[in-house]
Amino acid sequence: MIYMVKIGLEIHCQLNTKSKLFCSCSTNISEKEPNSETCPVCLGFPGYKPVVNKKAIDFTIGIGIALGCTISNETFFSRKTYFYPDMSKNFQITQYEIPIATGGSIDIEGNKIRIRRVHLEEDPAKIVYANGDISTTEYTLIDYNRSGIPLAEIVTEPDIETPKEARKLLEKISAILEYLNVYDVSKEASLRVDANISSEGERVEIKNITGFENVEKALSYEVIRQKSMTRMKKVIERETRHFDETTRTTKGLRKKEYEEDYGYIFDPDLPSIRIDDAWINSIKDNLPELPDNKVKRFVGEYKISDYDAGVIAYTGKDMADFFEDCCKIYKRYDNISKWIINYLLKSLNWNSQKVSESKVKPNTFIELLEIMDNGEITERYAKELIKEYVDSGISPRALAKKNEFKVTDAELKKTVEGILKENEKALEDLKAGKENAKQYIIGLVLKATNNQANPKLIIKIMEELIH
Ligand code: ZN
Ligand code: MN
């Protein structure tokens, strides 16, 4: 029997506006003293009135459009009542009844994941667990610097079928958000995920997971836990759980409340907001080219495969730009995408670098392809060289030259002689002019010299020796 699970995500994205959602405090809090970037509004003092940040609404409309949603012409804020130290007002200003955007979708390898809604809300304060985590800490500290930073919350329908698919969806959404330039990709905590998962019993929610890998791990653990619960005929209750990164397990926190339990009420301090079509269109017109459109254009314009275009576009805007810059100076476009995907990305990932942060530049990267094309180096050697090139940023031709000198001509001649002597059969074939014998010997020589020899020179020596 196939064990069916349904997964839905709530993705909180910290928007990179300059100021907070309802006051003029800065959102740039990473280096600040705890509780220094605060005011009576974001500390929740009674009587202080919030004023909404228009930029945050613009960003949320942009996200909605990019995810294929319908933008509401009228929207308003509500108070979600709960008692917890991270929210001194005892309510969070969020959207419930009419969010800014509804009803989009994202395609993950042919599976359509529906987006239920995108709404705007304030981030609560940050709780710092002094020793250990939420379940083991002796006391907690609170930093209100984070309180009031705008969050766009993207809520999916439970259309996700596996933990891996959840991760792919997150990668896709984060790439789209990066293109929109609405959040800081470099900060892991900029995207926080609540994952809902249900199988045989009630829905279980895993709260506040940072890192896409952790989302996949938390869900994978939960699938196994729920399976064994079902096998033991235990009831899976509706509850909220916490993912422990060190043990990679989830632990029960509390029995889950229902949305209605929060007693949402319309916030009387904030007027309802009219979003007319002119507003929506002005944002639509100013959206950057999004990854799906780039994929289509790359396939049409550069005749590379759909797969290659997808990898390049979704790796990030900087990689897409890099690819196009390379295409301006070198015309074998499919060779560019091949070398980016199979070798460049691997070396960059190895250094955990984005191409824009690395020493890799279009002209030197193309030089690597060109010296391969004209036979200055072999493809095999280029695969070795690319790691050194990514690390150093030195021109591949200069690198090849430098490495070549490590084996002197005399040494190389000796090596080739030795190898020919040991491989009589290949030597005969070589004399008979067989190309594969030639390649075979080159391979052996390169291996013996640790790829530090020039293939052209090897061929020259071989020819001298057999004639
Ligand atoms: Zn403030
Ligand atoms: Mn939320």
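Indexing begins at 1, ligand by ligand and atom by atom, following the structure's order. Side-chain atoms are counted along with the backbone in the values below, which use heavy atoms only and exclude waters and symmetry mates. Residues take their numbers from the sequence shown, with the count starting at 1.
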Seminar exercise, completed: Output field for angle at the Zn ion (ligand 1), Cys39.SG vs Cys42.SG, rounded to 10°, should show 110°
For this session: Please answer whether the main-chain N or O of Thr75 pairs with a side-chain N or O of Ser72 as donor and acceptor at a distance below 3.5 Å.
Result: no
Exercise. For the side chain to side chain contact (heavy atoms under 4.5 Å, CB included) test, which of Val52, Thr27, Asp123 pairs with Pro150?
Worked result: Thr27
Problem set entry | Under-4.0 Å salt bridge between Glu289 and Arg297 | yes
For this session: Check whether any side-chain heavy atom of Asn181 lies under 4.5 Å from a side-chain heavy atom of Asn16, and answer yes or no.
Result: yes
Exercise. By residue and atom, what protein N/O/S atoms are less than 2.8 Å from the Mn ion (ligand 2)?
Worked result: His12 NE2, Glu121 OE2, Glu153 OE1
Exercise. How about Tyr330 and Asn363: does a side-chain donor come under 3.5 Å of a side-chain acceptor?
Worked result: no
Exercise. Can any side-chain N or O of Asp143 pair as donor or acceptor with the backbone N or O of Pro34 at less than 3.5 Å?
Worked result: no
